[in-house]
Structure formats: structure tokens, C-alpha cells
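One structure is given here, and the rest of the page talks about it.
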Amino acid sequence: MDQRMMEIFLDVQGDLPRQGPGDDASTLRALSLCDGLPEAPRVLDIGCGPGAQTIALANALPDAAITAVDTHAPYLDRLKARADDDADRITTQVADMTALPLAPASFDLLWCEGAAYIMGIDAALRAWRPLLKPGGCLALTELVWLTEAPPTDAAAFFAEEYPAMRGAEAVAALFEDAGYAPRGHFTLPDSAWWDQYYTPLAARLPEMERKYAGDEMAQAIIEMTRKEIAVREKFVASYGYEFYVARKSSSQAV
Ligand SMILES: C[S@@+](CC[C@H](N)C(=O)[O-])C[C@H]1O[C@@H](n2cnc3c(N)ncnc32)[C@H](O)[C@@H]1O
């Protein structure tokens, strides 16, 4: 995405509570699968965005030290602003998930909601594993097909938007090969797409259309956003965000 396109995209997204599907209940459900964490775990939230899940983790793990990384500094500022009393336990860092400048074996828990697709889940699993302490836990969400035979229109949409998209079980099968022991996975409820993401995003679009009247690039981005939301409304049963939780296994030398 070129710089102007990115600026318009970020403007259209505005200051939504989340930059993708998710909700606190799902974050906590995934956390409950990460058993055996120490009293004061070191947590890394990758592609944290404005930090809704970072705050949920901070609340659930009152003695945790959390590092939250993203390439977009204004999101980190928003996370800091909403952290209140937890601000001193949350360290924010502008960093690229493909080359995280962090010490090996320094985290008990790696978290990534709605962002692993950026580098691709296969690459993410391998690149991030060395950051985990022995027996540490990884939790991430990934967009997946929930049906063996996706409807033609949905398949055509995601062939453009996310050609690497796979079935939920095919993604689950990646973890063992990459050196993790799966702890479980579950599909985010449909409400997690709407309450803090698509509903407030859709409400912004008329204003964005007026603001960018006559701007072809901006109108194309707004139109694509409308299309993405319409696809979700129509094909809700065919795809979803899957939360995967796995533990670093000791047996595999990757
Ligand atoms: C779909 S948003 C998800 C944000 C947040 N986890 C949430 O669920 O609200 C993806 C995030 O990844 C960040 N991002 C994009 N490329 C990145 C990269 N190479 N390294 C780290 N973060 C990146 C974006 O700035 C954005 O905040």
C-alpha cells in the first residue's frame, strides 16, 4: 500500500476501539487455554493496534509486564492513553513483526490478534517461536474458512483480499510442524466482528464519502470497505476468525 493510500485507509478506520474482529471474552477464553503461566508473566502483544486486547490482558494478568509492538506509532499512543493505571506495566515499541528486536527466550506469552496474516501465519509461527521461553504459550487469531466448499462469491472476494486463506483445521495443523503443542482453538462469535469493528466502521462511511468527494482513490477504499462488510453479512457461516492457542514444545529444534 503506498503512503497516500495508507493515510486514507487509516482515516477511514478512524479511532475505532479495535482494528479488526475481536472481543474481551474471546481474549480471556484464549488466555484460559494458556495454563501454567508464571505469577508475573512477560507478555508480547504483536501488531497490537490501539490495544483493546492489550488492556484485556493487563486486566486479567495484574502482575504481567506487557510489551506491545506495532509499526503505527499513533496506535501505540492510543494504547498508552487508554491504559490508565496499567500504563507503567505496558511498554510500547514501534517494531516490525518480521524483525522483532527482542531477546530470544524472553517471553512467557506471545499474543497476536488479527495481525499474523501480515507476514503470513507460517512465517510468523517460525519467526516468533525463539522469543518464547521453554513451555511458553502463543495465542493468535487467523481468518479461516469454516466450510469445505466456500460459496463462489465469497471465494472470489478472498481470492483477491486474502489468497492465503485456509480452512480452520488446515491452520490448526501448522502448529505442530512449527514446533508447538496445540492447546485448542475456537471461532470468534459473529458479534466480535460487529460490536467494536464493523458497526462503528460502517457508521463512519457516509461522512468519509462526503469528506473525500471526487477523490477516486479514497472512494475506492470506502467502496472496498462497504464490500467487505457486505460480504460478511452475506457469508457469515462460511468464514470466521479462529483463535489458536499453542505451547512451545521442547522436542522440536526449529
Ligand atoms: C488488523 S490490525 C489489528 C490490531 C489489533 N490487534 C486489533 O485486533 O485491534 C493489524 C495491526 O498490525 C499492524 N501492523 C501492520 N504491519 C505491521 C508490521 N510489519 N509489524 C507490526 N505491526 C504491523 C497495523 O498497524 C495494525 O495495528
Side-chain angles (χ1 to χ4, degrees), residues 1-3 5-31 43-59 66-83 90-102 107 109-128 131 138-144 158 161-162 164-165 187-189 191-201 204 221 224-225 228-229 232 239-245:
M1 213 185 267
D2 75 20
Q3 200 188 333
M5 197 183 264
M6 179 55 84
E7 278 165 18
I8 297 167
F9 174 80
L10 290 170
D11 192 25
V12 171
Q13 294 278 313
D15 55 1
L16 306 178
R18 289 178 178 268
Q19 294 296 321
D23 61 17
D24 284 1
S26 300
T27 297
L28 297 182
R29 182 174 170 191
L31 182 61
V43 182
L44 175 64
D45 186 3
I46 301 167
C48 62
Q53 73 292 319
T54 326
I55 301 291
L57 291 170
N59 289 338
I66 303 179
T67 302
V69 300
D70 202 283
T71 43
H72 187 54
Y75 286 156
L76 300 176
D77 295 340
R78 278 176 49 202
L79 164 56
K80 273 292 191 188
R82 70 204 284 199
I90 300 175
T91 304
T92 56
Q93 191 171 343
V94 173
D96 183 343
M97 66 171 74
T98 65
L100 290 167
L102 299 163
F107 292 97
L109 179 59
L110 300 188
W111 209 266
C112 182
E113 292 199 26
Y117 74 93
I118 290 162
M119 64 185 289
I121 187 169
D122 310 69
L125 291 178
R126 287 182 163 75
W128 299 344
L131 298 173
L138 165 71
L140 60 78
T141 60
E142 171 74 354
L143 187 66
V144 296
F158 286 108
E161 294 307 307
Y162 191 28
M165 188 165 156
T187 309
L188 262 59
S191 58
W193 288 73
W194 294 97
D195 295 352
Q196 295 187 36
Y197 190 47
Y198 279 162
T199 299
L201 179 59
R204 291 180 55 74
I221 290 171
M224 179 47 89
T225 307
E228 184 187 318
I229 295 172
R232 180 66 197 169
Y239 65 96
Y241 255 99
E242 196 76 1
F243 227 131
Y244 294 92
V245 179

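Ligands are counted one by one from 1 in listed order, and the atoms in each one are counted from 1 as well. These numbers were taken from a predicted model, which means no experiment stands behind them.
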Spell out, as yes or no, whether a donor-acceptor pair under 3.5 Å connects the side chain of Arg204 to the backbone of Asp11. yes
Give the protein residues with at least one non-hydrogen atom closer than 4.0 Å to an atom of ligand 1, ordered by chain and number. Arg18, Gln19, Gly20, Gly47, Cys48, Gly49, Gln53, Asp70, Thr71, His72, Tyr75, Ala95, Asp96, Met97, Glu113, Gly114, Ala115, Ile118
Counting C-beta onward and ignoring hydrogens, is there a side-chain heavy-atom pair between Phe107 and Trp128 closer than 4.5 Å? no
Less than 4.0 angstrom from a charged side-chain N to a carboxylate O is my criterion; do Asp24 and Arg18 meet it? yes
For a side chain to side chain contact (heavy atoms under 4.5 Å, CB included) check, start with the C-alpha distance between Leu125 and Tyr244, then their side-chain angles and the critical distance, and finish with the verdict. CA-CA 11 Å; Leu125 291 178; Tyr244 294 92; over 6 Å; no
I want to know whether Tyr198 and Trp194 have ring centres closer than 6.0 Å. yes
Quick check on side-chain contact (heavy atoms from CB on, under 4.5 Å): which of Gln53, Arg78, Gln93, His72 does Cys48 satisfy it with? Gln53
